[in-house]
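Comments concern the structure below.
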Amino acid sequence: MKSTNAWPRQPFIGLALAAIVGILLADNFAYLPAGLVGLVLFGGFALIRQSSPATYLFAAAAFFCVHTFRVIDSPGMRLAGELGDRTQAVTVHGFVVSEPKISTRGSASFLLRAISIDHDGLTSPCTATLSARWPGAVSYGDEIRVFGVVSPIVGPRNPGEFDMRRHLARHDVRTALISRYAENGRVLRHGGGNPILRAAHLSRARMDAALGRGLEDSLDQHSLISGIVLGLRDQTPDEIEEQFQQTGTIHLFATAGLHVGIVAYLLWTLAGLLRLPRKLAICLIVPGLFFYAAITGWNTASVRAATMAAAVLGGAFLDRRVQPGNSLAAAAFFLLCIDTQQLFSMGFQLSFAVVGTIILVASPVFDFLFRRFQPDPFLPKSLYGPLRRIGLTSWRMIARGASVSLAAWLGSLLLILPYFYLITPVSLFANLAVVPLAFFVLAFGLLSLLAASIAPWLSLVFNNANWFLATIILRVVAFFAHAPAGHIYLELPHRPTGARVEITALDLGAGAAIHLRDGNTDYIIDCGANRDFARIVRGYLRSRGVNRLDGLVLTHGDAAHIGAASSIVHGFWPRQIFDNPAPDRSTAHRAIISLLEREKIPRQQLVAPNEWKIGRNIAARVLFPPSGFKADNADDQASVIQLLIAQRWRVLLTSDGGLATENLLREQGADLRSDMLIKGQHGSGNSGSVEFLAAVHPQLIIASSTPFPESEKVKDDWTQEVGARGIKLLRQDETGAVTVRFYRDRWEAVSFLRPETLRSANR
């Protein structure tokens, strides 16, 4: 009698689970002797018993040992230990091992695998990989020598900020190299690196150019087509990419099963047209799929899809049936064999969770949906009318798409929330509308690439057809992105703090953004520059579950403070906008005023002595500037706002105001006394005078500070003066973001980088 146990027929499921267990144990309890003992014991046990459980124990012990080596001793860890925490000048000789990304300023960012490193007058061999930035012309595989400064990779300084240090550490990249000038480095030779990846990078550049022929004036459509066909996302504007994220269709930019399946189908069709034998066609298609995965960036999803497709085709080659679950587990197992750190990457987790859920859930859901309208099974199909046939075929397609879309949404739900703070109910409908269109975009894109060198005119025809489809996709995605309750940003579950009011001063260096939360009311005072918004502010607001702002306050025309105002308006639609009407020469300020006038969005005047209620527990009063005030320097007309918290505490916000503003406030006899002062730095470097501190008499000062330029750094003598007055100072170059929570009878300030908590004192 045949066994009904599915495990012997799907051995890679057990191996993959054993690998995951071994890696997780090693990541939390790395101890090499224990792994070696387990490897010997379980290896002997597996040889003697020759059973599946013994084999799985042996696999877990093997992965425990391999991952332990990675977390206790690696080239990157050794280099970081040798260099220490201090910044120092070095010369690095090595190879570019990633495709460089060019910033708007012309600097190339890439991974540099070192051959040797010169520091402290000594040259030593090195095999570590560094994160490098150099404003020189460089491409994948180049051998270069660069002089610059190295330092440990900086971690996040604000809540919700992407942890680049942890991400790179998983790839054993722990040191950053920065070279400011092109003449500080030179390319020794071209053509190094992995020849397959080098060919893939060159091919991708040519393919991108071919897909863009005839679409030079349609950058959004071109970027979408390149994203779907080649997995390129760098060209896609942030606003468009966020809409795809909000509708759960961002997977279209991640080359995965859909893309690889279409490529395999087209290649199989081409092989049929050429009348190639089946086994020869399979031998040609499998390498082609892996080369396509390399062209699209060699990401986890594409490699997983190519591996699964290879397993399916391999089964056809051997005339054996392939189990989808076993193929998926085999792909995971082989990827973890190559790099155990893949287990902790978002791409690996999302890819395998989604596909695994589709395998388990899609078929039962499809059967359930299709049975709702399935005709009597005893009725001969020859009796079906034309409308009945069309209806059944259409419903079958809809049910199939709905079942896959639902399964994919369920599989990604528990991972999307912790990574993106987002749930997307609308994705069930958006994918039904967008995925079929994306199928044709990918098909036409591949046909355009095939025709580019043979019949350029035909390539243009396919490109224009794709322009039409891409335009429809962009409009459909925009429609679903603005659907009511279509997507919801949620703060991760946490223990309630019990605070009535929270004020978070983000660390943006010379810029500023202050978030006020009073129950369900969210205000932001200044919003940073565009770069800070993309890196920090947007992620922070999303992590706090902010879907729409109740108010935006713009203190003055400094681009570092209000440069991202347009992005805030379009991304968070504030119900109220308060603007400083003092005239200035700021192009950023003029741009936001023009936007508000063009879209007929009202703005309220931020002039003294205006007052307004922010929430149930917060009232705001403008102390400066008065109506009609004008100064030569934007910082000298920055708004000064005093917040009254729960009718008990006062918080004074001075933005970048300097001595002139402080003196004018004192001369006017303004009631400046406050429990807390949150300030920036005046362009002259002078603010927070002794007389002003005496008038405010705060318990706590939160001050922005950045090493460059010098005027934006808190001065040591001022720090000593503040300390001598018994005032607690949190300078943000040391603390990062600072959150102040106000309770019924006390407040406390918590810094992001420091574990300490400062609490109020009775006066």
Side-chain angles (χ1 to χ4, degrees), residues 505-514 525-529 532 553-563 565 579-589 606-608 622-626 629-643 651-668 670 672 674 676-698 700-723 725 727 729-735 738:
L506 297 177
D507 177 23
L508 304 185
I514 300 173
I525 300 177
D526 287 338
C527 51
D532 292 327
V553 179
L554 307 175
T555 62
H556 66 302
D558 185 346
H561 285 246
I562 67 168
D579 182 34
N580 187 334
D584 54 41
R585 297 186 297 274
S586 169
T587 56
H589 200 182
L606 203 63
V607 295
V622 183
L623 303 182
F624 185 83
F629 182 83
K630 181 180 180 181
D632 295 333
N633 190 318
D635 284 357
D636 287 332
Q637 54 193 28
S639 299
V640 177
I641 302 171
Q642 192 175 56
L643 304 177
V651 179
L652 188 65
L653 312 175
T654 61
S655 188
D656 284 350
L659 297 181
T661 300
E662 295 171 0
N663 292 336
L664 186 59
L665 287 171
R666 289 191 300 106
E667 291 169 1
Q668 292 176 347
L672 300 174
S674 302
M676 194 176 304
L677 170 63
I678 302 178
K679 66 183 294 293
Q681 304 300 325
H682 189 269
S684 65
N686 296 314
S687 61
S689 65
V690 173
E691 297 78 10
F692 184 71
L693 292 180
V696 179
H697 193 55
L700 172 67
I701 296 177
I702 301 172
S704 67
S705 181
T706 185
F708 183 83
E710 187 66 26
S711 60
E712 297 289 347
K713 182 180 180 181
V714 170
K715 293 180 171 57
D716 293 336
D717 56 350
W718 187 80
T719 300
Q720 295 173 1
E721 177 66 32
V722 169
R725 292 178 169 272
I727 303 172
L729 172 64
L730 294 177
R731 44 185 297 175
Q732 293 192 278
D733 55 349
E734 299 176 351
T735 65
V738 177

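Below, each value reflects all heavy atoms present in this structure, side chains not excepted, and no hydrogens, waters or symmetry copies. These figures come from a predicted structure and were not determined experimentally.
Contact of the L693 side chain with the L677 side chain is registered, since non-hydrogen atoms from C-beta on lie closer than 4.5 Å. A 4.5 Å side-chain heavy-atom check between L729 and T719 finds at least one atom pair inside the cut-off. Put simply, the side chain of L665 does not reach to within 4.5 Å of the side chain of T654, judged on heavy atoms. Within the 4.5 Å cutoff, no side-chain heavy atoms of F629 are placed close to those of V607. A 4.5 Å side-chain heavy-atom check between L672 and V640 finds every atom pair outside the cut-off.
Ion pairing between R666 and E662 fails under the 4.0 Å rule for side-chain N and carboxylate O.
Of the candidates T661, D635, D636, H682 forms a side-chain hydrogen bond (donor to acceptor under 3.5 Å, both in side chains) with just one, namely D636. For the side-chain contact (heavy atoms from CB on, under 4.5 Å) test with D526, the passing option among T555, I514, L506, V553 is T555; the others fail.
Distance alone, capped at 3.5 Å, is enough to place a donor-acceptor pair between the K715 side chain and the G685 backbone.
Scored by the side-chain contact (heavy atoms from CB on, under 4.5 Å) test, A634 finds H556 as partners (sequence neighbours excluded).
K679 NZ to F692 CZ: the interatomic distance, rounded to the nearest 0.5 Å, is 9.0 Å.
There is no side-chain donor-acceptor pair under 3.5 Å between H589 and N580.
Counting non-hydrogen atoms of neighbouring residues, nucleotides and ligands closer than 6.0 angstrom, the CG atom of D632 reaches no more than 12 such neighbours.
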